[in-house]
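What follows is a short report on a single structure.
The first residue in the sequence is number 1, and the count goes up from there. All values reported here derive from a predicted model rather than from experimental measurement.
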Amino acid sequence: MKSIILSLALPRRQKLRLPDFRGFIARYGLFLLFAAILLAGLTFGAVYARNADSRTLQSLDILFTTNLDARLGQSPFGIFCACFASDFLFLLSVYLLGVAAWGVPFMLLLVGFKGFGTGVTAGYLCLSHALSGAGFYLLVLLPGTFLFCTALVRFSAVAFRFSKQAFFGAVSNVQPDFSPRQELIRFSSRFLTALCVTFAASLLDALLWSLFAGTFRF
């Protein structure tokens, strides 16, 4: 009698089935792929920062925050424009590569390069300014960077699918069962969504720079 009551009272644990795992990979596999590429680039950039000279850091400052003296002298609006312009170039490049049938390999390289520049910035701050640089990166730079990188990785996964679809549509003799116009509209709407997130990330960067950048001495 006790065994019957216990068997009715205790819920059975559901086992993870293989179709569920396949569904997870099908849904999030590209996101995880681009996230892994971004993290690999970040790691390589952090290691490369040990040997980076001032000329290299100044050249990378167009796309990344590697020249603190120049950024600290800017107004909040100037910081916002610099951050937004840099992130917008990456996002627009992914969009253009997404509508191209040959864009997939260059998309992977672009996301890896974004991770590389982010790693160079983090590594340079930590190596050059020790705890002060690490605190500056964690408090001022990381929140906006994390927000944009998340949007970039998500949009890159969407662009990957669209580019692959365009490639197979170009080489196949079979008429596609979807409307290219509708797919382009849907893809462009995802670009606008990522652009709004990029705008918010740049605002967050400008706000954190204005509030906390002056408390750090380099």
Within the structure provided, determine whether [X] and [Y] are in side-chain contact (heavy-atom separation under 4.5 Å).
{"X": "Val99", "Y": "Phe162", "value": "yes"}
{"X": "Leu125", "Y": "Leu141", "value": "yes"}
{"X": "Leu195", "Y": "Phe84", "value": "yes"}
{"X": "Phe148", "Y": "Phe88", "value": "no"}
{"X": "Phe90", "Y": "Thr198", "value": "no"}
{"X": "Lys114", "Y": "Ile37", "value": "no"}
{"X": "Leu33", "Y": "Leu30", "value": "yes"}
{"X": "Ser189", "Y": "Thr193", "value": "no"}

hydrophobic_cluster_shared for [Y] and [X], side chain cutoff 4.5 Å:
{"X": "Tyr137", "Y": "Leu127", "value": "no"}
{"X": "Leu89", "Y": "Leu152", "value": "yes"}
{"X": "Leu192", "Y": "Leu147", "value": "no"}
{"X": "Val47", "Y": "Phe113", "value": "no"}
{"X": "Leu32", "Y": "Val104", "value": "yes"}

Taking Ser86 for its side chain and Ala82 for its backbone only, find out whether a donor-acceptor pair lies under 3.5 Å.
no

For Ser163 and Ala159, indicate whether the former's side chain and the latter's backbone hold a donor-acceptor pair under 3.5 Å.
no

Measure the [atom1]-[atom2] distance between [X] and [Y] for me, rounded to the nearest 0.5 Å.
{"X": "Ser156", "Y": "Leu108", "atom1": "OG", "atom2": "CG", "value": "8.5 Å"}
{"X": "Leu92", "Y": "Asp87", "atom1": "CG", "atom2": "CG", "value": "12.5 Å"}
{"X": "Leu203", "Y": "Ile79", "atom1": "CG", "atom2": "CD1", "value": "12.5 Å"}
{"X": "Leu139", "Y": "Leu208", "atom1": "CG", "atom2": "CG", "value": "6.5 Å"}

Return the minimal non-hydrogen interatomic distance between [X] and [Y], and the atom names on each side.
{"X": "Cys149", "Y": "Leu38", "value": "CB-CD2, 3.8 Å"}
{"X": "Met107", "Y": "Leu97", "value": "N-CD1, 3.7 Å"}
{"X": "Cys83", "Y": "Ser202", "value": "C-OG, 3.7 Å"}
{"X": "Ser93", "Y": "Leu110", "value": "CB-CD2, 3.5 Å"}
{"X": "Val153", "Y": "Ala35", "value": "CG1-N, 3.8 Å"}
{"X": "Ala151", "Y": "Val197", "value": "CB-CG1, 3.6 Å"}

If you count heavy atoms of other groups shown closer than 6.0 angstrom to [atom1] of [X], is the number above 12?
{"X": "Arg161", "atom1": "CZ", "answer": "yes"}
{"X": "Phe31", "atom1": "CZ", "answer": "yes"}
{"X": "Leu131", "atom1": "CG", "answer": "no"}

Aromatic plane relationship, Tyr95 with Phe191 - under 30° parallel, 30 to 60° tilted, over 60° perpendicular:
tilted

Students often mix this up, so state it plainly: with edges at 30° and 60°, are the rings of Phe136 and Trp209 parallel, tilted or perpendicular?
perpendicular

Full working for ring pair (Phe, Tyr, Trp, His ring centres under 6.0 Å) between Tyr124 and Tyr48
CA-CA 9 Å; Tyr124 167 74; Tyr48 176 80; over 10 Å; no

